[in-house]
There are 2 protein chains.
Amino acid sequence: MRDSEQIVNHAQKFCLENGLRLTKKRRQVLKALVESPFALSAYELRELCKTECDEMLPPMSIYRILDFLQEAGFVHRLNVSNRYTACSHIACEHEHLFSQFLICVKCKMVTEIDIPDLTIKNMKNDAASAGFELESPQLEINGICFTCKNRAA
Amino acid sequence: MRDSEQIVNHAQKFCLENGLRLTKKRRQVLKALVESPFALSAYELRELCKTECDEMLPPMSIYRILDFLQEAGFVHRLNVSNRYTACSHIACEHEHLFSQFLICVKCKMVTEIDIPDLTIKNMKNDAASAGFELESPQLEINGICFTCKNRAA
DNA sequence: TAATTTATGATACTACATATCATTTTGAGA
DNA sequence: TCTCAAAATGATATGTAGTATCATAAATTA
Ligand SMILES: [Zn+2]
Ligand SMILES: [Zn+2]
Ligand SMILES: [Zn+2]
Ligand SMILES: [Zn+2]
């Protein structure tokens with residue numbers, strides 16, 4: 001898990017540069033999310049932190065830490081499943097646009113992609129035709145990843 | 001509210017033709033949903049039914065009724081907000097494709113539109129590029145309806 | 001060091017949802 | 001019409017996601 005350490009270190013650096021504090025517990029929660037291929041609920045994170053560090057954070061703390069991590073842009077909330085996933089762009093100089101999350105119904109793996117401009121444009125038009133102005137959308141879509149699909153075949 | 005009666009009657013007719021039973025309580029819940037411009041939670045529906053008919057259904061019943069109404073295609077569940085909304089196509093011969101729900105952040109009004117083929121195609125391509133095969137998507141998008149937008153201006 | 005801000009903990013509670021078992025209602029067949 | 005089985009609904013308890021509130025601890029700043 002060298003990899004996840006590195007990503008978390010990027011986050012740490014970002015925090016230092018921006019007057020944010022990536023405390024021990026926040027680091028711990030972020031690390032758990034970075035290492036998980038699938039999204040985790042607040043209470044699942046709580047269990048994970050317990051097995052990792054043998055200390056049970058109260059729910060409130062978990063939610064506050066998740067709020068912080070979201071504010072800082074390290075973590076996204078999947079609204080459909082009430083779960084949290086680390087942003088894929090913590091360690092890169094990626095300008096963060098609107099995200100689409102592809103969730104495999106078999107293995108639950110989450111993949112974060114940017115919504116292409118063309119797709120956004122289409123969706124804006126679709127909405128406008130119905131008398132609506134789109135807000136910055138976040139899409140959460142179920143499907144099946146090619147790994148699982150190939151395994152099935 | 002003649003209008004909602006008529007829609008519910010369509011549902012009734014559909015049920016008769018298909019060996020389903022639109023019982024009194026199911027009718028009542030469906031009517032409440034048809035008349036509401038915004039989506040309702042199970043517990044909000046419970047309150048509504050109480051004020052309408054002075055009888056408090058247990059949560060389990062509400063959820064079972066909602067399951068039935070969804071099965072029958074009269075009602076959709078908005079997964080992001082845990083709320084329910086009547087299908088816009090109960091009383092028309094519309095072939096039901098994949099739905100997109102536009103939710104106004106001001107007035108909470110829900111508008112159901114079909115996702116245009118082009119948009120679906122784009123999204124399928126976007127997903128495929130990331131090693132994913134899309135499942136039948138349901139999109140729930142926040143925005144602002146033109147009514148609210150004009151009021152603001 | 002004292003004062004202030006920021007982070008975390010503890011307790012209790014609300015909202016959404018389901019498991020399980022009991023009772024009522026309905027419709028089909030004798 | 002009576003009987004029985006299936007379908008629908010009710011009651012009780014419980015699980016899970018999330019928040020309100022007030023208290024304490026840790027880190028900054030003066
Ligand atoms: Zn991201
Ligand atoms: Zn998969
Ligand atoms: Zn519909
Ligand atoms: Zn509106």
Side-chain angles (χ1 to χ4, degrees), chain A residues 11-12 15-33 36 38-50 52-72 74-85 108 140, chain B residues 11-12 15-33 36 38-50 52-72 74-85 108 140:
Chain A
Q12 187 100 53
C15 284
L16 276 173
E17 287 163 0
N18 291 84
L20 301 173
R21 295 188 215 161
L22 191 62
T23 62
K24 211 166 186 173
K25 314 210 169 188
R26 286 169 176 174
R27 243 189 105 98
Q28 187 179 324
V29 171
L30 178 57
K31 185 154 171 287
L33 284 171
S36 176
F38 48 86
L40 296 166
S41 77
Y43 283 79
E44 284 166 352
L45 273 165
R46 207 178 164 216
E47 290 300 323
L48 256 179
C49 288
K50 185 184 158 199
E52 291 287 314
C53 313
D54 204 48
E55 88 179 299
M56 197 70 151
L57 299 181
M60 204 53 241
S61 292
I62 295 279
Y63 281 106
R64 277 189 290 227
I65 287 169
L66 287 168
D67 284 348
F68 169 85
L69 295 173
Q70 284 178 91
E71 275 300 301
F74 302 144
V75 161
H76 299 289
R77 180 173 198 273
L78 301 186
N79 296 311
V80 169
S81 57
N82 301 326
R83 281 174 161 72
Y84 301 82
T85 185
K108 304 295 174 196
E140 301 167 33
Chain B
Q12 188 101 54
C15 284
L16 276 173
E17 287 163 0
N18 292 84
L20 301 172
R21 295 186 213 165
L22 192 61
T23 63
K24 211 167 186 172
K25 316 210 167 188
R26 287 169 175 173
R27 244 189 105 98
Q28 187 179 324
V29 170
L30 178 57
K31 186 155 170 288
L33 284 171
S36 175
F38 47 87
L40 297 166
S41 76
Y43 283 76
E44 284 166 352
L45 273 166
R46 207 177 165 217
E47 290 300 324
L48 257 178
C49 288
K50 185 184 160 200
E52 290 289 314
C53 313
D54 204 48
E55 86 178 299
M56 197 70 153
L57 300 180
M60 204 53 240
S61 292
I62 296 278
Y63 282 106
R64 276 188 291 228
I65 287 169
L66 287 169
D67 284 348
F68 169 85
L69 295 173
Q70 285 178 90
E71 275 300 301
F74 302 144
V75 161
H76 298 289
R77 179 174 200 272
L78 301 186
N79 295 311
V80 169
S81 57
N82 301 324
R83 281 174 160 71
Y84 301 82
T85 186
K108 304 295 174 197
E140 301 168 33

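Lettering of chains follows the sequences in order, A, B, ..., and the numbering in each one begins at 1. Reckoned from all heavy atoms, side chains included, excluding hydrogens, waters and symmetry mates. Here the structure is a predicted model, which means the values were calculated and not measured.
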Reading 5' to 3' through nucleotides 22-30 of chain D, protein heavy-atom contacts under 4.0 Å coded B for base, S for sugar-phosphate only, - for none: -----SS--
With a 4.0 Å limit, can you tell me whether [X] has a side-chain N or O closer than that to the phosphate oxygens OP1/OP2 of [N]?
X: A:Ser61; N: C:dG9; result: yes
X: A:Tyr63; N: D:dG18; result: yes
X: A:Asn82; N: D:dG18; result: yes
X: B:Arg26; N: D:dT9; result: yes
X: A:Thr23; N: C:dT8; result: yes

In chain order, what residues pass the side chain to side chain donor-acceptor pair (under 3.5 Å) check against B:Arg46, with sequence neighbours excluded?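 Per chain and number, B:Arg46 pairs via side chain to side chain donor-acceptor pair (under 3.5 Å) with no residue.
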Check side chain to side chain donor-acceptor pair (under 3.5 Å) between A:Glu52 and all other residues, then give those that pass, not counting sequence neighbours.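 Scan of A:Glu52 (side chain to side chain donor-acceptor pair (under 3.5 Å), adjacent residues dropped) gives none.
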Quickly work out the [X] [atom1] to [N] [atom2] distance and round it to whole Å.
X: B:Leu16; N: C:dG27; atom1: CG; atom2: C1'; result: 14 Å
X: B:Met60; N: D:dT12; atom1: CE; atom2: C1'; result: 13 Å
X: A:Met56; N: C:dT8; atom1: CE; atom2: P; result: 17 Å
X: A:Arg27; N: C:dT8; atom1: CZ; atom2: P; result: 14 Å
X: B:Lys24; N: D:dT9; atom1: NZ; atom2: P; result: 12 Å
X: A:Tyr43; N: D:dG18; atom1: OH; atom2: C1'; result: 6 Å
X: A:Leu45; N: D:dT16; atom1: CG; atom2: C1'; result: 15 Å
X: B:Asp67; N: C:dA19; atom1: CG; atom2: P; result: 11 Å

I want to confirm an ordering. Mapping B:Leu57 and A:Ser41 to their closest nucleotides on DNA chain D, which one lands closer to the 5' end?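 Nearer the 5' end of the strand: B:Leu57.
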Contacts of B:Leu48 that satisfy side chain to side chain contact (heavy atoms under 4.5 Å, CB included) - sequence neighbours left out: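 Once residues adjacent in sequence are excluded, the partners of B:Leu48 under the side chain to side chain contact (heavy atoms under 4.5 Å, CB included) criterion are B:Ala32, B:Leu40, B:Thr51.
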Around atom CG of A:Asp54, are there more than 12 heavy atoms of other residues, nucleotides or ligands at under 6.0 Å?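 No, the 6.0 Å shell around CG holds no more than 12 heavy atoms from other groups.
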Quick one: side-chain hydrogen bond (donor to acceptor under 3.5 Å, both in side chains) pairs with a partner in residues 62-71 of chain A, sequence neighbours left out?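 Every candidate side-chain hydrogen bond (donor to acceptor under 3.5 Å, both in side chains) pair involving residues 62-71 of chain A fails, so no pair, neighbours aside, qualifies.
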Side chains of residues 19-26 of chain A: which donor-acceptor partners sit under 3.5 Å, not counting sequence neighbours?
from	atom 1	to	atom 2	distance (Å)
A:Thr23	OG1	A:Arg26	N	3.4
A:Lys25	NZ	A:Glu55	OE1	3.2
A:Arg26	NH1	A:Arg21	O	2.7

Per B:Lys25 side chain, nearest of listed nucleotides D:dT9, C:dC16, C:dT8: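 From the listed options, D:dT9 comes nearest.
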Out of D:dG10, C:dG9, D:dG18, which nucleotide sits closest to the side chain of B:Pro58?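 The closest nucleotide is D:dG10.
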Beyond-backbone contact of B:Leu30 with B:Ile65, side-chain heavy atoms, under 4.5 angstrom: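 A side-chain contact under 4.5 Å is absent here.
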